[in-house]
Amino acid sequence: MATSTLGKSGFSRHGSWVEVDLEAFAQNVRSIRASLQDRADLIVVVKSDAYGHGLSRIAARAASEGVSRFAVATPDEAMAVRRAAPEGLILLLGVAVREDVAALIEHKIVPVIVSEAHGQALAAAARELDEALEAHLKFDTGMARLGIPWEQGVDVMARLLEVRGLSVTGLCSHFATVEADHSGTGDIQFARFSQIARRAPPGLFKHLSSSRAFLCSPEWDSDGVRVGIAAYGYGAMDPRFRVQTHPILQWKCRVIQVKSIAADVPVGYYGTHVTQAPTNIAVLGSGYADGYLRTLSDRGDVLIRGRRCRVIGRVSMNWITVDAGPDGDISEGDEAVLIGRQGDETIWADELAKLCRTIPYEILTSIRPTIERRYVV
Ligand SMILES: Cc1ncc(COP(=O)(O)O)c(C=O)c1O
């Protein structure tokens with residue numbers, strides 16, 4: 001394997017690595033911010049390790065681009081943002097508990113309140129500290145997930161605004177179904193939210209839209225939009241959208257063995273693929289334990305030497321077998337692209353998602369977090 005480079009450990013590279021282009025991320029962020037309605041602010045969603053891209057570097061780069069608002073799912077993620085973006089306004093989208101309150105106040109992390117009882121419990125914990133906890137009220141306007149049911153929204157809001165120990169500075173909701181032609185639940189959800197927001201005192205920060213709503217419906221921008229996947233370059237290809245962004249993450253590994261195989265040879269566990277003609281098989285140093293979904297067995301492509309090679313046989317825990325073709329031009333040590341670009345060819349996470357009947361979010365967040373992330377700055 002003459003062309004193998006050394007990994008962080010000093011061993012030759014057996015596994016895979018991820019490359020994240022921070023300049024391309026910054027460009028996505030700039031495009032999104034430039035397209036926002038006048039008063040709207042961008043809240044970059046960096047939960048789940050910034051959708052697999054690496055929370056610290058993504059948050060730091062966003063901050064250096066002037067982004068001041070971030071959203072996360074857990075207190076641990078919030079603390080990682082606090083370290084990467086010391087001045088950032090951090091919104092915790094998950095459900096904080098009483099035991100979290102002291103740290104939330106100390107590190108200026110703003111949780112969402114998902115019910116009256118939740119608000120009361122966090123307020124009580126803050127009062128014990130002689131403090132007030134800053135929070136945003138989250139309304140369930142039709143998602144049937146987290147939030148204060150919209151039917152009770154006005155009354156619950158009125159009571160929580162008066163509770164000592166709680167300082168309500170924002171209101172939010174989350175869309176369930178957004179379609180470009182407005183056939184989803186967006187309009188009704190926005191109307192339900194607006195009905196509540198009209199009864200709120202002035203000056204509260206209001207936000208509803210995630211990527212798809214941001215892309216399809218500028219009229220819902222409100223005071224801020226919580227954008228995740230579009231900042232990472234997915235879901236924003238349609239030229240009808242207000243902005244186009246581009247993927248920033250590539251996932252690569254190396255060919256670790258090449259072998260000639262005759263016709264009629266079953267490949268891999270249970271021989272799900274049988275060669276039709278003599279060919280070469282390239283074995284790659286990555287597998288489902290790294291997050292390359294097993295559903296891609298016999299269906300996915302990878303890029304080697306600028307061309308597509310089909311995954312043949314079952315993806316195994318640490319290795320993938322691909323059809324390298326009969327020419328014999330692919331060698332051990334060659335770089336193989338699982339997600340990304342090589343020459344004129346590209347394979348992005350949305351292509352793999354379609355093959356796996358899932359969404360690019362799952363493909364990206366499935367890439368094992370311990371795989372080395374390398375950053376192009
Ligand atoms: C409450 C909430 N807001 C915003 C987002 C960001 O969504 P997207 O990545 O589609 O922009 C999510 C993502 O799951 C979310 O749960």
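Source: prediction; values computed, not measured. Both ligands and their constituent atoms are indexed starting at 1 by order of listing.
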Inspect the contact between Glu19 and Arg373 and indicate whether a charged nitrogen and a carboxylate oxygen are less than 4.0 angstrom apart. no
For ligand 1, run through the N/O pairs with the protein that fall under 3.5 Å and put one pair on each line.
residue	atom	partner	partner atom	Å
ligand 1	3 (N)	Arg226	NE	2.9
ligand 1	3 (N)	Arg226	NH2	3.4
ligand 1	9 (O)	Tyr51	OH	2.6
ligand 1	9 (O)	Ile229	N	2.8
ligand 1	10 (O)	Tyr361	OH	2.6
ligand 1	11 (O)	Ser211	N	2.8
ligand 1	11 (O)	Ser211	OG	2.5
ligand 1	11 (O)	Gly228	N	2.8
ligand 1	14 (O)	Lys47	NZ	2.8
ligand 1	16 (O)	Arg145	NH2	3.2

Apart from Tyr269 itself, which Ile, Leu, Val, Met, Phe, Trp or Tyr residues share its cluster (side-chain heavy atoms under 4.5 Å, direct or through members)? Tyr270
As a test of understanding, state which of Thr245, Val46, Val20 forms a side chain to side chain contact (heavy atoms under 4.5 Å, CB included) with Tyr232. Val46
Answer yes or no: is there a side-chain heavy-atom contact under 4.5 Å between Val274 and Val265? no
Using modelled atom types only, decide if a donor and an acceptor are shared between the side chain of Gln189 and the backbone of His174 within a distance under 3.5 Å. yes
Verify, without hydrogens or angle tests, whether Thr185 (side chain) and Thr177 (backbone) share a donor-acceptor contact under 3.5 angstrom. yes
